[in-house]
A.B. asks: 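Below you'll find the structure I mean.
Just so we're clear, the structure is a prediction, and the values are computed from it rather than from any experiment.
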Amino acid sequence: MDDFITRHEHENFAELMRSENQRLKDENDRQNHRLADLEVTTQEIHALALSVKELTASVQSMVAEQAKINRSVEKQGERIGSLENRDGEKWRQITGYVLTTIVGIILGFIAMYIGL
């Protein structure tokens, strides 16, 4: 009879196993809950990474468009500058003609007065 255990020992062992099984079940439940939370977090990080990727593509597109607009503005600035300079050149040319005419008239009167 040395190999047998008493009923009381068996019940104590069974109670110990039930409590250990409950502890393991509780631990599994906690770990499953933590894993579910991690899965949600991972999905959110993945969605965020995709959003960043889309945002990067959008910003690159905007940079290219901005460079295109800058080139267009520079060309327009050059065109406006040439138009403004052309008007100034015309005004200087007209002023030169008027002064040449006045000087010619004055020289003509002086020549007439001298008798040439």
Side-chain angles (χ1 to χ4, degrees):
M1 291 279 257
D2 287 338
D3 292 348
F4 298 104
I5 59 171
T6 64
R7 178 94 172 146
H8 179 68
E9 289 174 328
H10 176 70
E11 288 174 1
N12 284 343
F13 180 75
E15 182 60 33
L16 177 67
M17 294 311 302
R18 278 192 292 276
S19 68
E20 183 63 19
N21 285 339
Q22 184 62 41
R23 186 190 69 77
L24 290 174
K25 181 184 176 300
D26 292 343
E27 181 68 22
N28 283 341
D29 290 343
R30 282 191 299 275
Q31 289 178 355
N32 288 340
H33 181 61
R34 290 176 64 195
L35 284 174
D37 289 345
L38 286 173
E39 287 174 352
V40 168
T41 302
T42 302
Q43 289 173 353
E44 290 172 351
I45 290 171
H46 180 68
L48 182 62
L50 289 176
S51 296
V52 168
K53 185 177 180 180
E54 291 173 4
L55 181 62
T56 300
S58 176
V59 167
Q60 287 173 346
S61 174
M62 287 172 44
V63 166
E65 187 66 26
Q66 184 65 36
K68 192 169 140 181
I69 290 171
N70 286 345
R71 286 190 299 275
S72 175
V73 168
E74 287 174 6
K75 286 179 184 177
Q76 287 178 356
E78 291 170 2
R79 290 177 62 204
I80 290 172
S82 68
L83 288 174
E84 288 173 345
N85 288 337
R86 188 174 73 179
D87 289 342
E89 289 172 13
K90 289 290 185 185
W91 179 251
R92 285 189 291 277
Q93 190 177 23
I94 290 171
T95 305
Y97 291 149
V98 169
L99 287 176
T100 303
T101 304
I102 292 172
V103 169
I105 291 171
I106 292 172
L107 289 177
F109 279 129
I110 292 173
M112 229 170 78
Y113 181 70
I114 296 176
L116 294 174

A.B. asks: Just by distance, with hydrogens left out, do Gln22 and Asp26 show a side-chain donor and acceptor under 3.5 Å apart?
C.D. replies: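 On atom types as modelled, these side chains qualify, holding a pair under 3.5 Å.
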A.B. asks: Whether the side chain of Thr42 engages the backbone of Leu38 through a donor-acceptor N/O pair (distance < 3.5 Å, no angle test) should be reported.
C.D. replies: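 It does hold such a pair.
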A.B. asks: Are the charged groups of Arg18 and Glu15 less than 4.0 angstrom apart, N to O?
C.D. replies: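 So Arg18 pairs with Glu15 through a salt bridge.
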A.B. asks: Looking at Glu11 and Arg7, is there a salt bridge between them, counting it only when a charged N and a carboxylate O are closer than 4.0 Å?
C.D. replies: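 Between Glu11 and Arg7 there is a salt bridge, with a charged N closer than 4.0 Å to a carboxylate O.
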A.B. asks: Rounded to the nearest 0.5 Å, what separation is found between the NZ atom of Lys53 and the OG atom of Ser58?
C.D. replies: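 Atom-to-atom, Lys53:NZ and Ser58:OG are 14.5 Å apart.
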A.B. asks: Any heavy-atom pair between the side chains of Glu65 and Met62 that's under 4.5 Å?
C.D. replies: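 Of all side-chain heavy-atom pairs linking Glu65 with Met62, none is under 4.5 Å.
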A.B. asks: Can you measure from CD (Gln43) to CD (Glu39) and round to the nearest 0.5 angstrom?
C.D. replies: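 Reported value, rounded in 0.5 Å steps: 7.0 Å.
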A.B. asks: Report the distance from atom CG of Asn28 to atom CZ of Arg23, rounding to the nearest 0.5 Å.
C.D. replies: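 Between atom CG of Asn28 and atom CZ of Arg23 there are 9.5 Å.
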A.B. asks: What pairs with Gln60 under side-chain hydrogen bond (donor to acceptor under 3.5 Å, both in side chains), at least two apart in sequence or on another chain?
C.D. replies: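 For Gln60 there are no side-chain hydrogen bond (donor to acceptor under 3.5 Å, both in side chains) partners, ignoring immediate neighbours.
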A.B. asks: Measuring from His10:NE2 to Phe4:CZ, what's the distance to the nearest 0.5 Å?
C.D. replies: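 His10 atom NE2 to Phe4 atom CZ measures 14.0 Å (nearest 0.5 Å).
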A.B. asks: For the residue pair Asn12 and His8, confirm or rule out a side-chain donor-acceptor distance under 3.5 Å.
C.D. replies: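 Asn12 vs His8: donor-acceptor pair found between side chains.
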A.B. asks: Could you give the distance from NE2 (His46) to CD (Glu44), rounded to the nearest 0.5 Å?
C.D. replies: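 Rounded to the nearest 0.5 Å, the NE2-CD separation comes to 12.5 Å.
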A.B. asks: Any salt bridge linking Glu78 with Lys75? Criterion: basic side-chain nitrogen under 4.0 Å from a carboxylate oxygen.
C.D. replies: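 Result for this pair is no, no salt bridge flagged.
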A.B. asks: Considering only distance and modelled atom types, tabulate donor-acceptor pairs under 3.5 Å from the side chains of residues 91-114, sequence neighbours left out.
C.D. replies:
| from | atom 1 | to | atom 2 | distance (Å) |
| --- | --- | --- | --- | --- |
| Gln93 | NE2 | Tyr97 | OH | 3.2 |
| Thr95 | OG1 | Trp91 | O | 2.7 |
| Thr100 | OG1 | Gly96 | O | 2.7 |
| Thr101 | OG1 | Tyr97 | O | 2.8 |

A.B. asks: Could you check if a side-chain atom of Asn21 sits within less than 4.5 angstrom of a side-chain atom of Lys25, using non-hydrogen atoms only?
C.D. replies: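 Contact flag for Asn21/Lys25 side chains = no.
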A.B. asks: Measuring from atom CG of Leu24 to atom CG of Asp29, what distance do you get when rounded to the nearest 0.5 angstrom?
C.D. replies: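 Going from CG on Leu24 over to CG on Asp29, the span is 11.0 Å.
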